[in-house]
Amino acid sequence: MEEKSKQRLLDERYLRMARIWAENSYCQRRRVGALLVKEKAIISDGYNGTPSGFENVCEDENNRTKPYVLHAEANAITKVAKSNNSSQDSTLYVTASPCIECAKLIIQAGIKRVVYSEIYRCTDGLDLLRQAGIDVELVELPDIKE
């Protein structure tokens with residue numbers, strides 16, 4: 001069996017942490033977590049949910065996601081923007097591949113690498129990230145047995 005690289009082990013570790021962070025989400029349909037890492041330090045985190053000050057209910061009466069729910073990536077990027085850290089040349093670890101809207105934010109935030117553990121139903125965000133020259137990598141994690 002081939003030994004895993006140090007980077008692969010780190011990628012898996014940060015993705016497991018992002019998966020745990022997703023448990024903070026109040027969303028019922030899907031919980032997504034994100035960590036922004038730079039030089040082996042977590043500089044920001046996020047999970048999908050409503051904006052600050054809003055009721056923590058992500059779905060409407062028809063079980064559709066409310067239009068103002070923020071994605072985990074957007075929460076992590078806007079959170080780092082309010083800090084003294086810079087997302088330039090950082091890595092984003094996210095439990096689901098980014099949508100097109102989050103991909104635009106990732107590009108503008110100067111993030112150089114995106115590592116995700118499952119593919120979102122629409123892959124146009126991944127296509128845009130690749131087009132922008134961002135390193136995009138799928139690292140599948142085994143299911144957690146509780």
Side-chain angles (χ1 to χ4, degrees), residues 7-146:
Q7 185 60 58
R8 178 64 178 227
L9 290 170
L10 276 174
D11 289 346
E12 290 175 359
R13 192 168 297 139
Y14 285 125
L15 279 173
R16 285 194 307 272
M17 292 169 71
R19 184 158 62 181
I20 290 167
W21 201 243
E23 294 173 13
N24 288 314
S25 174
Y26 287 89
C27 297
Q28 299 301 309
R29 293 181 65 214
R30 168 174 274 202
R31 289 181 171 92
V32 179
L35 294 177
L36 205 47
V37 176
K38 188 172 183 176
E39 298 167 4
K40 295 184 182 175
I42 297 169
I43 61 169
S44 190
D45 54 65
Y47 51 87
N48 57 326
T50 56
S52 300
F54 281 69
E55 178 183 38
N56 286 323
V57 177
C58 298
E59 293 83 12
D60 64 18
E61 58 280 350
N62 297 315
N63 200 34
R64 285 196 201 98
T65 301
K66 292 179 179 177
Y68 54 83
V69 167
L70 288 158
H71 289 186
E73 305 95 316
N75 268 324
I77 291 167
T78 56
K79 189 174 181 179
V80 80
K82 292 193 294 186
S83 75
N84 291 327
N85 286 312
S86 167
S87 55
Q88 187 69 42
D89 297 327
S90 63
T91 298
L92 178 70
Y93 292 91
V94 63
T95 56
S97 60
C99 70
I100 190 97
E101 293 302 319
C102 287
K104 291 188 252 182
L105 292 175
I106 291 164
I107 294 164
Q108 290 302 97
I111 295 167
K112 68 174 181 180
R113 186 167 176 255
V114 175
V115 181
Y116 61 98
S117 58
E118 63 182 61
I119 298 174
Y120 182 61
R121 60 181 156 80
C122 185
T123 60
D124 54 357
L126 291 174
D127 297 338
L128 185 63
L129 292 172
R130 287 187 190 103
Q131 188 179 340
I134 293 172
D135 182 18
V136 177
E137 190 173 344
L138 171 64
V139 175
E140 294 182 85
L141 295 177
D143 288 334
I144 296 175
K145 288 155 184 76
E146 301 199 29

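- For R8, the side chain to side chain contact (heavy atoms under 4.5 Å, CB included) partners at least two apart in sequence or on another chain are K4, S5, E12, E137, V139.
- Looking at R31, its side chain never comes within 3.5 Å of a backbone N or O of A22 through a donor-acceptor pair.
- To the nearest 0.5 Å, the span separating OG on S25 from CG on N48 amounts to 3.5 Å.
- Listed here is the closest heavy atom pair of A72 and V32: CB-O, 3.4 Å.
- To the nearest 0.5 angstrom, E73 atom CD is 12.0 Å from S44 atom OG.
- Side-chain contact between M17 and I42: present, with at least one pair of heavy atoms (C-beta onward) separated by less than 4.5 Å.
- Between D11 and R16 no salt bridge is recorded (no basic side-chain N to carboxylate O distance below 4.0 Å).
- Nearest heavy-atom pair, A109 versus I77, reported as atom, atom and distance to 0.1 Å: CB-CG2, 4.0 Å.
- Side-chain contact check for Y26 versus V57: every heavy-atom pair is 4.5 Å or farther apart.
- Around CG of N62, the count of heavy atoms belonging to other residues, nucleotides or ligands within 6.0 Å exceeds 12.
- Taking every heavy atom of both residues into account, R113 and Q7 meet most closely at NH1-NE2, 3.4 Å.
- The shortest side-chain heavy-atom distance between N63 and R29 falls under the 4.5 Å cut-off.
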For residues 116-130, which side-chain donor-acceptor pairs fall under 3.5 Å, sequence neighbours excluded?
unit_1	atom_1	unit_2	atom_2	d
S117	OG	T95	O	3.0
E118	OE2	R30	NH2	3.1

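- Between I134 and V114, the closest side-chain pair of non-hydrogen atoms falls below 4.5 Å.
- Between A74 and C102 the shortest heavy-atom distance is N-SG, 4.2 Å.
- Residues that satisfy the side-chain hydrogen bond (donor to acceptor under 3.5 Å, both in side chains) test with Q28, not counting sequence neighbours, are absent from this structure.
- Counting heavy atoms of neighbouring residues, nucleotides and ligands inside a 6.0 Å radius, atom CD of E39 does not exceed 12 of them.
- Across all non-hydrogen atoms, the minimal contact from A41 to Y14 is N-OH, 4.3 Å.
- At a threshold of 4.5 Å between non-hydrogen side-chain atoms, the residues V37 and S90 do not count as touching.
- To the nearest 0.5 Å, the span separating CZ on R64 from SG on C58 amounts to 16.0 Å.
- Ion pairing between a basic and an acidic side chain is recognised when a charged N comes within 4.0 Å of a carboxylate O; D89 and K38 show no such pairing.
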Query - Derivation of the salt bridge (charged side-chain N to carboxylate O under 4.0 Å, His left out) call for D135 and K112 - result: CA-CA 6 Å; D135 182 18; K112 68 174 181 180; over 6 Å; no
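- How far CD of E140 is from CG of L15: 11.0 Å, rounded to the nearest 0.5 Å.
- Counting all heavy atoms, side chain and backbone alike, N75 lies closest to Y47 at ND2-O, 2.7 Å.
- For the atom pair CG of L36 and OG of S83, the computed distance is 9.0 Å after rounding to the nearest 0.5 Å.
- Taking OG1 of T91 as the start and CG of L10 as the end, the distance is 10.0 Å to the nearest 0.5 Å.
- Using a 4.5 Å heavy-atom threshold, the side chains of V80 and K82 count as separate.
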